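Accompanying notes for the structure given below.
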Amino acid sequence: MSLFFSEKLSALKPYVPGEQPRDKKYIKLNTNESPYPPSPQVKTVIDASAIEDLKLYSDPDLKALVTAIARHYGVDSNQVFCGNGSDEVLSFAFLAWGHNGVAFPNISYGFYPVFADLYNLRSTEIPLQPDFSLELKLFNNKAGLMVFANPNAPTGLSVDIDEIEQLIKANPNSVILVDEAYVDFGADSALKLINDYNNLLVVRTFSKSRQLAGARLGYALGNKELISDLNRIKFSFNPYNVNRLTSLAGIEAINDNAWFDNCCEKIINTREHLKHELMRRGFLVTDSKANFVFVSHSRLPKDTLYEALKKKGILIRHFKKDIIENYNRITVGTDEETTALLLAIDAILEEYRS
Ligand SMILES: *Cc1c(COP(=O)(O)O)cnc(C)c1O
């Protein structure tokens with residue numbers, strides 16, 4: 001830290017992303033990226049003329065992209081906001097609506113507390129139940145902005161849409177932000193409620209289910225007033241937040257339903273197979289509705305599995321956090337990667353026989 005750094009920000013603990021190793025080739029199951037490539041349509045539009053156009057700024061209103069997303073979900077264009085990854089959308093949301101406090105689960109996406117600290121917001125952590133489930137009622141009257149991921153990360157557990165609607169109704173003076181980064185892998189979306197409530201924002205990403213993590217594209221769907229708030233922030237920060245190549249890629253990805261359905265289906269099938277195989281080996285496995293599983297094994301406490309798999313060239317994620325310290329999160333890969341993972345786990349379980 002330099003002598004010149006803001007004193008107010010000096011205590012800030014930045015978010016720590018999962019490893020993106022460059023030293024050797026790993027089977028990479030640690031950051032919930034897709035094991036499949038983007039829609040083949042994407043490479044048809046990133047062509048010489050798209051590259052030539054990079055000399056021009058991108059469209060600050062992102063009209064073509066916003067229209068494609070609106071058409072896909074059957075909503076109006078003024079109900080869609082796009083950002084440089086959903087991380088940016090989330091950060092704008094915290095800035096826009098966090099002034100009366102923000103509440104989020106104590107075990108959830110690690111960026112929520114970072115944004116709260118960055119903007120110096122009062123934050124309330126809602127404790128998960130012992131089985132890691134989230135009691136949405138505990139949010140009631142806690143903050144002006146209520147944020148949770150559905151399904152949650154890293155547990156993979158989802159909440160019922162009826163409970164979400166109860167929360168929205170019970171807190172008409174709060175914005176309810178549902179982070180649906182993983183919703184396409186089997187949870188119920190709150191999207192169908194956005195026309196009924198002015199205080200619901202659904203945040204989505206192209207990173208997990210549309211294979212574009214490296215392009216950085218996220219979006220929000222909600223009431224048009226909420227969307228206009230986000231635009232006020234964006235136009236006070238960076239009007240060109242989504243670049244030209246990413247916009248083109250996003251349009252192709254959102255339009256290619258067959259590719260999307262096929263990739264999601266493969267990941268869901270592999271996930272269920274992986275859960276089953278891990279349970280057969282004595283793992284506790286949560287009922288994940290995401291593109292990862294969250295598991296523990298009595299013979300492999302804390303980060304034992306993480307360390308042992310890393311030695312074998314497979315990366316997974318372990319979080320050093322009290323109530324989940326014996327759990328590890330494993331992203332669902334291809335069937336071949338899953339076979340290699342299970343073989344490695346068999347060898348490790350053999351090594352750690354009591
Ligand atoms: C991955 C993830 C995000 C961030 O996605 P980007 O669009 O890549 O910024 C947001 N929320 C949750 C819960 C995530 O897991």
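Both ligands and their constituent atoms are indexed starting at 1 by order of listing. The shown structure was predicted, so the numbers you read here are calculated from the model rather than taken from an experiment.
- Under a 4.0 angstrom heavy-atom cut-off, Ser86 registers as being in contact with ligand 1.
- For the pair Lys208 and ligand 1, a heavy-atom separation below 4.0 Å is found.
- Residue contacts with ligand 1 include Asp179, since one or more of its heavy atoms lies under 4.0 Å from the ligand.
- The atoms of ligand 1 that sit less than 4.0 Å from any heavy atom of Ala181 are 11 (N), 12 (C), 14 (C).
- Ring centroids of Tyr240 and Tyr57 are separated by less than 6.0 Å, placing the two rings close together.
- Taking a cutoff of 4.0 Å between a charged side-chain nitrogen and a carboxylate oxygen, Asp287 and Lys275 qualify as a salt bridge.
- Using a cut-off of 4.0 Å between Lys/Arg side-chain N and Asp/Glu carboxylate O, Asp335 and Lys266 are scored as not salt-bridged.
- Close approach of ligand 1 to Gly85 (heavy-atom distance below 4.0 Å) involves ligand atoms 7 (O), 9 (O).
- Contact atoms of ligand 1 toward Ser207: 6 (P), 7 (O), 8 (O) (distance under 4.0 Å to a heavy atom of the residue).
- The aromatic ring centres of Phe185 and Phe292 sit 6.0 Å or more apart.
- Among the atoms of Tyr109, none of the N or O lies under 3.5 angstrom from an N or O of ligand 1.
- Checked against the 6.0 Å centroid threshold, Phe115 and Tyr109 do not count as a close aromatic pair.
- Of the protein's non-hydrogen atoms, the one nearest atom 15 (O) of ligand 1 is Tyr182 OH, 2.5 Å.
- Looking at Arg216 against ligand 1, only its side chain comes within 4.0 Å, counting heavy atoms.
- Ion pairing between a basic and an acidic side chain is recognised when a charged N comes within 4.0 Å of a carboxylate O; Glu277 and Arg280 show such pairing.
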* Show the numbers, then the answer: is there a salt bridge (charged side-chain N to carboxylate O under 4.0 Å, His left out) between Lys310 and Glu307? => CA-CA 5 Å; Lys310 189 169 180 185; Glu307 292 292 351; 5.9 Å; no
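- By the 4.0 Å heavy-atom criterion, Phe111 is excluded from the residues contacting ligand 1.
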